[in-house]
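The next block holds one structure in the form of structure tokens; read it before the comments.
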Amino acid sequence: MIGLLADVVGRVSDQATTSTTTIPVPCSISSGGAKITSVCSDTNSLHISVAYRSILPVLVLVIGALALLAISAVLPKRSRPGLYALLTVAIGGLALIASVWQWSDIGNINAHVPAGAQAALNYRLAHQLTIGQQVFYDRFSVLFMALVSVATILGAMTTDSYLRREGLDGVEAYVLMLMAGTGAMLMAASAGLIMLFLGLEIMSISLYVMAAYHRRRTQSGEAGLKYFVLGAFSSAIFLYGVALVYGATGSTQFLEMANFLGANSLSHNGILLAGMALLIVGLGFKVAAVPFHFWTPDVYQGSPTPFAGYMAAVAKAAGFAGLLRVLDMGLSTQQANWRPAIWLMAVLTLLVGSVMAIAQRDLKRMLAYSSISQAGYVLVGLQAASSTGTAGALFYLFTYTFIIMGTFAIISIIQGRGEARNDLGAVRGLAKRRPLLAAVLLVFLLAQAGVPFTTGFLAKFYVIQAAVQSGQYVLAIIAMLSAAIAAFFYLRVALLMYGTEGEAVAGAPGVSGGAGVSGGAGAGDGSILAGLQPIPSLDGATATATLLDPPAVDEKVRLPVAVALGICAAFTIAAGLSSPMIDFARHATTLFNLK
Amino acid sequence: MYAGFLASAASSGTDLANASAWAVFLVGAAMILTGAFGVILLRNPVHCALMLVITLFGIALEFIDQSADFLAAVQIIVYAGAIVILFLFVIMFLGVDRREAAGPEATKFQKPIALILGAVSLVEILILSQVDHWVSGAPSVAGRLDGPGENVQKLGQSIYTRYLLPFEMTAALLVIAVVAAVVLSRRQQPGASELRAADKEKLVVGPGGAE
């Protein structure tokens, strides 16, 4: 046996490596033609090169969070309102700029890949697997870093007015948001299970606290506790999976796992399968895929509304980034085993999410189930296990960020102080009171329903196309069926806003029969036009609206929120018309190809 | 397949060493299980916390069995020494005598289902451990155990070379912990921020707020 090991060492040592960071030591694994040489802790070498460029946006967020804390300690207690939000937007902007720079920098790296498989691989390993091989510097990571930066900017813009309305103004919310973003970025960039787990924890723990941030609402505390207990449980499951996969493959690094599994066929792969299943469970919890979704409605309902949007965008994206890294890179040789599992999860997620959403009377709960169903489409893309599918999934996640954060921002406006109104009735007659707001919400709803000329349509199209290309016709049909079911509850909200149908939410609280029907009939004609071409609300219309909506709340839209909503809506429509985004997503799918 | 594991085992491997390692493992496992069952079965929270110490000592023993001496020491110092003391402190602080009234269960069949699922997964893991090979043959990232260098030295090298970034990023967790503690424990400031009773009334009752 020692001889065998020595043989392996000997063969590896023969391989000359051109790069400076890789050392030919016994911890290399050989596979087929190409060899991956890892930096192992050679007892004589304590040097590690840290390529800061590969984690630039992460550094911006972390340093920004610490700077915010420091600034808040120096400033007087009642300082300029909105200052922290402004700084957070600036930090997010810097991170976004950094990730754009990274994108072009990777373009430079890619332009100089030498010819020859082995040379190209060595070159890529040296330049794109950085900081002790813990982080990938590829466009996949960068796309997610941009996504998180955007979500942070939008989140800070929409959070400010919510926090001020609720009297929760403070620096902590923004620090937590930045830290959650840090964790999400690290998850997306992770090159191994250890980094992935750390990112997961950094993100999750911030999100637990954000869920419980509204201290005077008992629901918020409940949401935080629920999320924390279940999340800690899922983290433990994930860790167990890490341990089993490490036991089966001998490494926690995705590339080394893939290399080992590619070079050796396991005669008994029970441990590997068990570990893989546990990893899927742990990450499936974070993305709220169906058998592991039970926390979602309660947590979204209880969390402060803008934070719920941030969770839906960032946690989902990071969870899927982790799933893609683990399944598409680390366990890419095990496709035959994980694809059926993901297939089943996708089907359940699509159907349960959209069917349950119909039954909801609470806007945030409805959106929670809707976000579950949306996760199902990303699973469809993941299940295809092709570059088309991955590109579709990335596109979906990126565009969904704008849609869901915009939707939650609007809900945080119309729910009023103390989150008094979250029921469906709150949107009744919105087109009369706030035509522009209603129109923007309509855009988001249509996008989520997958109506053409929005990003939602393209996103669904790409993932379903990927499913068809990989021969998954049943899955494609189920996905389209689910879109049809989901259209019902999105359009119901739209109808309520435009007040054409009094009976749509009969039984929803706050709608008294007679007023609802007559008011609905009165508001009926031509109001869709009114929404698309915003007109100032007339006195008569206002009176009707007041009759319909007893607890009319202060629906003033502050400038930052308006800007954020404008960005979200503009992106949703513009990127839905002609989309360079899918090209970005396609560029980002060039994961390491080991062949 | 077995190269990595067997190579290290073969160099030190006599039957006697194996037997003693096996015995230490059994003792450690017994301690871990005793402690774990004690934590969930005992009624007095202080006893539960003390049972946790037994579990943690058992884990330390297993670490020693795996030649991870440093981890064993850290396990005892940090977990048994600091964290359980913290638990005890909190329990004492909240009052030892207070007994949580266990509310009615959400669903009647929750407990049996949980028991069945737990038993099934335990059996699955046990079967896997019997049927499967647990060694992969892939070399350890930290280098050979019987190679040059002390335990602590290897750990330090791992942390400051290959795992530098994860190690540094754990600092983010500490920042979050501090901020979270501030957020969750700070008393709400009265005054302008408070949701006033009058406003509440306005929200619930009626059209007064409509402008």
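Hydrogens, waters and symmetry mates play no part in the numbers below; they use all other heavy atoms, side chains included. Each chain gets a letter, A, B and so on, in the order its sequence line appears, and its residues count up from 1.
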N/O donor to acceptor pairs below 3.5 angstrom from side-chain atoms of residues 115-125 of chain B, sequence neighbours left out:
residue, atom, partner, partner atom, Å
B:Ser121, OG, B:Leu117, O, 2.8
B:Ser121, OG, B:Gly118, O, 3.1

* Asked: Is it the backbone or the side chain of B:Val183 that comes under 4.5 Å from a heavy atom of chain A, or both, or neither?
  -> both

* Structure fact -> If one checks every heavy atom of A:Leu66 against chain B at 4.5 Å, the contacting part turns out to be side chain

* **Over 12 foreign heavy atoms within 6.0 Å of CZ, B:Phe57** => no

What pairs of donor and acceptor atoms, side-chain ones from residues 171-183 of chain A against any protein atom, are under 3.5 angstrom apart with sequence neighbours left out?
residue, atom, partner, partner atom, Å
A:Glu172, OE2, B:Arg186, NH1, 3.1
A:Thr182, OG1, A:Leu178, O, 2.8

* Residue part contacting chain B, namely of A:Ile194, when any heavy atom lies under 4.5 Å -> side chain

* Is any residue of residues 201-208 of chain A within less than 4.5 Å of chain B by heavy atoms, and which ones? -> A:Glu201, A:Ile202, A:Ile205, A:Ser206

* Asked: Are any non-hydrogen side-chain atoms of B:Leu164 and A:Gln134 less than 4.5 angstrom apart?
  -> no

* **Which residues share a side-chain contact (heavy atoms from CB on, under 4.5 Å) with B:Ile83, sequence neighbours left out** => B:Val78, B:Tyr79, B:Phe87

* Side-chain touch B:Val178/A:Leu69, heavy atoms, less than 4.5 angstrom -> no

* With side chains defined as the heavy atoms from C-beta onward, is the minimum distance between B:Tyr163 and A:Leu198 less than 4.5 Å? -> no

* To do: Go through the steps for A:Val209 and B:Val179 under the test side chain to side chain contact (heavy atoms under 4.5 Å, CB included), then give the verdict.
  => CA-CA 9 Å; A:Val209 185; B:Val179 175; over 6 Å; no

